[in-house]
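Order of the sequence lines sets the chain letters (A, B, ...), proteins ahead of strands, with each chain counted from 1.
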There are 2 protein chains.
Amino acid sequence: MTSPVRVVVVDDHAMFRRGVIAELEAAGAGEVEVLAQAADVDEAVTAVAAHRPDVVLLDVHLPGGGGVEVMRRGQSPETRYLALSVSDAAEDVIGTIRGGARGYVTKTITGPELVSAIRRVADGDAVFSPRLAGFVLDAFAGSIEVAAVDEDLDRLTEREREVMRLIARGYAYKEVAKELFISIKTVETHMSSVLRKLQLSSRHELSRWASDRRLL
Amino acid sequence: MTSPVRVVVVDDHAMFRRGVIAELEAAGAGEVEVLAQAADVDEAVTAVAAHRPDVVLLDVHLPGGGGVEVMRRGQSPETRYLALSVSDAAEDVIGTIRGGARGYVTKTITGPELVSAIRRVADGDAVFSPRLAGFVLDAFAGSIEVAAVDEDLDRLTEREREVMRLIARGYAYKEVAKELFISIKTVETHMSSVLRKLQLSSRHELSRWASDRRLL
DNA sequence: CGGACCATCGGGGTCGACCCTGATCCTCCC
DNA sequence: GGGAGGATCAGGGTCGACCCCGATGGTCCG
């Protein structure tokens, strides 16, 4: 028999962590070993660094930046991430996979299924809830258009994205300037770059563009 | 000592139910007695009819129609409902309260707090998470303003409403003029009237105003 | 008829949105 | 050390958004 999979559980709901761990100990006895748990991004990063687990069970929505932030800061070559979320929203799934997760299951999963998913992720497979599998494939099939869009968004610098978000919400240049502690001229420069990079021509189009992609 | 509060737990996530029950047994020993659990609307209605609990801990999002459906079909004079949800979205909270729930707490709640909330709901109090309390009051206070807003809309003439709709969608004055076969100056006049009558100050606010009321 | 209301348009003005050019400073990297 | 790219800002300009004042013609109504 192989050694048990070493796991860290990350979720901001104490009761949910408790339930997950209880299930893992019941259904995954001998197969899964829970090393630690964490309730927010900082705790999670610390726990990953300390234990170097095989698999991190990661909630997508977390105080302190979300699961993606954990994966960004908690780099560890031997550690794989399995997202465990209530949400099956497109942006959550895609964002989490892009962030480096090897799987994404919803919280409707049962204990034995979860143990199996953990085992497979530890072995290097990708795992998705049945309802998500078709969706993920669709997303990749439709990635031509999506890719074009997201490449545009990726081309924006961090500062440009901040300005973009505020403008799309209807802020005047003056208000954006005050909010970000920069001059109006700088806001104009960033906006000019944003519009050029996204191939748009006005703040109105930008508002539509952003709301279409749920970036607000 | 009073008799324990008799509770049914309804949530479609088995692991979450398990966590909740573990917490209730730990933090609410002697105070709370869990009679049954249910994973969907039908099970919940059956469980309520069979046990006639004092309090039903009810997840808002459920397969089979949602928590509201449970309250509609699971009428029992001595039973009170406490919603327990991940969502603090306005429509969920308002909808659930309208459906008859006596309280609404988010899943970030701790075990002891949950026991206390259950106790208070059983005693007839209304309970809301701190973050939601102010929100609920605002919603009720806001019903006055909503009525006033609709009177505002009635004050617009037919032509003004046409112009308003196009502007709210991001049309430039020039485009509105072409669309309606009138001059830019006339569009400006109508817009001026619209903004004055609705007590707004810019096309951006108008866009928000209109989309808030789903006039697009 | 005369007043109220609406739709239509104009002149003329302020201010914000957006563009172009050009500049400084800083960091990263070859 | 120099080049690339990002963040910051300025001058100067066009055009759209919005306002104030004023005007005409039409309808409805007392």
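- To the nearest angstrom, P of D:dC21 lies 13 Å from CZ of B:R196.
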Taking distance alone, no hydrogens or angles, what donor-acceptor pairs closer than 3.5 Å link side-chain atoms of residues 64-71 of chain B to residues at least two apart or in another chain?
unit_1 : atom_1 : unit_2 : atom_2 : d
B:E69  : OE2    : B:R72  : NH2    : 3.1

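- Contact record, A:A22 with B:R18: CB-NE, 3.5 Å, taken as the closest heavy-atom pair.
- Between the P atom of C:dC19 and the CE atom of A:M191 lies a distance of 7 Å, rounded to the nearest Å.
- When rounded to the nearest whole Å, the span between CD of A:E205 and C1' of D:dG16 equals 14 Å.
- Between the CD1 atom of B:I184 and the P atom of D:dG16 there is a distance of 7 Å, given to the nearest Å.
- Per the geometry, OH belonging to A:Y173 stands 16 Å off P belonging to D:dC9, to the nearest Å.
- Taking side-chain N and O atoms only, A:S192 has no distance below 4.0 Å to OP1 or OP2 of C:dC18.
- A salt bridge between A:K107 and A:D59 is present, with a side-chain N of the basic residue lying under 4.0 Å from a carboxylate O of the acidic one.
- Residue A:K185 places a side-chain atom within donor-acceptor reach of the base of D:dG11, judged by atom type and a 3.5 Å distance cut-off alone.
- Here the C1' atom of nucleotide C:dC15 and the CD atom of A:E175 are 14 Å apart, to the nearest Å.
- Salt bridge present: A:E158 and A:R161 bring a charged side-chain N and a carboxylate O closer than 4.0 Å.
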Every protein N/O within reach of nucleotides 6-8 of chain C N/O, cut-off under 3.5 Å:
unit_1 : atom_1 : unit_2 : atom_2 : d
C:dA7  : OP1    : B:T157 : OG1    : 3.2
C:dA7  : OP1    : B:R159 : N      : 3.4
C:dA7  : OP2    : B:T157 : OG1    : 2.8
C:dT8  : OP1    : B:R159 : NE     : 3.2
C:dT8  : OP1    : B:R159 : NH2    : 2.9
C:dT8  : OP2    : B:R159 : NE     : 3.1
C:dT8  : OP2    : B:H190 : NE2    : 3.0

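- Other residues, nucleotides and ligands contribute only 12 or fewer heavy atoms inside 6.0 Å of the OH atom of A:Y171.
- Side-chain N/O atoms of B:T189 and B:S192 include no donor and acceptor closer than 3.5 Å.
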